[in-house]
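For reference, the structure discussed in these notes is given below.
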Number of protein chains: 2
Amino acid sequence: MPSNRQVNINTESVDNYLKAILALGGPEEQSVSSTALAQRLGVAPASVTNMLQKLASARSPFVEYEKHRGVRLSPEGKRRALEVLRHHRLIETFLYEILDFPIEEVHDEAERLEHFILERFEERIAAKLGHPKIDPHGHCIPALDGRMSKQDSAPLIDVEKDGEFVVDSISDRDAKLLKTLKAHSITPGAHLRVTKSPHELVLRAGKGSKPLHLALSAAGAVRIRSTN
Amino acid sequence: MPSNRQVNINTESVDNYLKAILALGGPEEQSVSSTALAQRLGVAPASVTNMLQKLASARSPFVEYEKHRGVRLSPEGKRRALEVLRHHRLIETFLYEILDFPIEEVHDEAERLEHFILERFEERIAAKLGHPKIDPHGHCIPALDGRMSKQDSAPLIDVEKDGEFVVDSISDRDAKLLKTLKAHSITPGAHLRVTKSPHELVLRAGKGSKPLHLALSAAGAVRIRSTN
DNA sequence: CTAATCATTTAGGCTAGCCTAAAATAGTGA
DNA sequence: TCACTATTTTAGGCTAGCCTAAATGATTAG
Ligand SMILES: [Mn+2]
Ligand SMILES: [Mn+2]
Ligand SMILES: [Mn+2]
Ligand SMILES: [Mn+2]
């Protein structure tokens, strides 16, 4: 009857569970279902249950978990998740700015490295980059203390009527889309004219760039804000 | 009776076994004992035997191994070991040159990262650094094809009589020694006056730096070459 | 209110990589 | 050559993190 399980809580896998809970919980930190986690992490639901039980029953638990009711990060879990997110986005910025990686390749490389760097490395690249607040996808980089400015933006898919916007951020998880958008000069900070039609959005960045027909299914990956 | 074992041969642990065999086998690629490997890797001898059996019985084996007679790298194993060594030394150079790490800290960080970078990352930092041939400890960086120039140097401990030499390289594995040597301006490429006494060596670098009394036990970590 | 469906957990298994203890082999020197 | 010692291997176990299949719990439609 191993009740007070002694769990090794510093693994790549644990990091990834915490990051996934942070991402799926959204800004309101809603509770996240096993199935959603299983899908995001590419593992079986049973594996998720197993891990959640471990994370919840550790000595200082990373999550609050109740059977059948989903899971939330504990304060400690949130701290760790934000730390890994900071690693991730700093590494992405670094790969993009210093090592000249193409934007669509930085995510996968960061996804591995984020788990294996020490504070010193983080501190050195942050310094080298001038303590950036935004990564190359337009996402906010959490500060050392875990604070992160709320983003004042909306998914492109929620646009109600045609208009002009500024590109806020683009999801880092779809390399192909990132490449396409880049080819149309649709990058964070760019001005964007949006025209809605039943099944797609038509996007135009600068004068020189061709209009892009974007399926609605892809429009969740782009966030916009107003042109002040 | 699982004879043709299907082994996953791309793990950090496997990398570390191969690197250790490369290092312990020396330039003559002598066969390496289980005990020596166990000691170097900080695992039990039984664990080594187990891993060697796996590495030797894979479909394209990384080692040639005979019970009780030690182990050598196969051509494939040597290729991989040199690849990881290249990663390691490129990362060290990069941490030192680009991120301004202190010399005595680069090794530990590289020791982890070397297993988790892709070709692209290797290629980018090599380019950024101008395809260096020598790392900050003075060690040769294997080329992409695995070739590595022989080092024309000798361990300081083999010095027979007093004289002047050039510091060739310093072992990366002893951070404390690296720091001490640095404080006495004893770094790769520096000129060095060596005076032998029964139990120690006295080392003097430039005029400004204080003489360093080095125990013989530490003198294996430094390699020297003649002043042309 | 009940039955079908869907989500989640439990149970049982697997591999990698480590461990310890016991057994076997090799090497050495009397 | 034979016994003693040191090295190495075998045998058996453990944890982390996955898996599948079966069982259970929650939800919803009739
Ligand atoms: Mn990313
Ligand atoms: Mn990750
Ligand atoms: Mn090193
Ligand atoms: Mn290593």
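On a predicted model such as this, the values are computed, not experimentally measured, just so you know. The sequence lines fix the lettering, A, B, ..., with proteins before strands; numbering per chain opens at 1.
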Legend entry - Side-chain (A:R89) to main-chain (A:D135) donor-acceptor, under 3.5 angstrom: no
At a cut-off of 3.5 Å, list every protein nitrogen or oxygen paired with a nitrogen or oxygen from nucleotides 9-11 of chain C, distance to 0.1 Å.
from	atom 1	to	atom 2	distance (Å)
C:dT9	OP1	A:Y65	OH	2.2
C:dT9	OP1	A:H68	N	3.1
C:dT9	OP2	A:S34	OG	2.8
C:dT9	OP2	A:T49	OG1	2.6
C:dT9	OP2	A:Y65	OH	3.3
C:dT10	OP1	A:K67	NZ	3.1
C:dT10	OP2	A:Q53	NE2	2.3

Inset, instruction - Measure from CG on A:D15 to P on D:dG17 and round the result to the nearest Å. - result: 10 Å
Inset, instruction - Decide side-chain hydrogen bond (donor to acceptor under 3.5 Å, both in side chains) for A:N16 and A:H115; before the verdict, give the C-alpha distance in whole Å, the side-chain angles of both, and the deciding distance to 0.1 Å. - result: CA-CA 9 Å; A:N16 287 332; A:H115 311 288; 3.2 Å; yes
Inset, instruction - Would you mind reading off the distance between B:N10 atom CG and C:dT15 atom P, rounded to a whole angstrom? - result: 18 Å
Legend entry - Under the side-chain hydrogen bond (donor to acceptor under 3.5 Å, both in side chains) test, residues paired with A:H68 that sit two or more places apart: none
Inset, instruction - Tell me yes or no: between the side chains of B:R223 and B:S153, is some donor less than 3.5 Å from an acceptor? - result: yes
Legend entry - Contacts of type ring-ring contact (aromatic ring centres under 6.0 Å, His included), residue A:Y96, not counting sequence neighbours: none
Inset, instruction - Would you indicate, yes or no, if C:dA16 has its OP1 or OP2 atom less than 4.0 angstrom from a side-chain nitrogen or oxygen of B:Y17? - result: no
Inset, instruction - Establish, with yes or no, whether the OP1 or OP2 oxygen of D:dT7 is under 4.0 angstrom from a side-chain nitrogen or oxygen of B:S33. - result: no
Legend entry - Side-chain N,O (B:S13) to OP1/OP2 (C:dC18) below 4.0 Å: yes
Inset, instruction - May I have the step-by-step check of side-chain hydrogen bond (donor to acceptor under 3.5 Å, both in side chains) for B:H88 and B:E114, ending in yes or no? - result: CA-CA 5 Å; B:H88 182 91; B:E114 64 189 9; 2.6 Å; yes
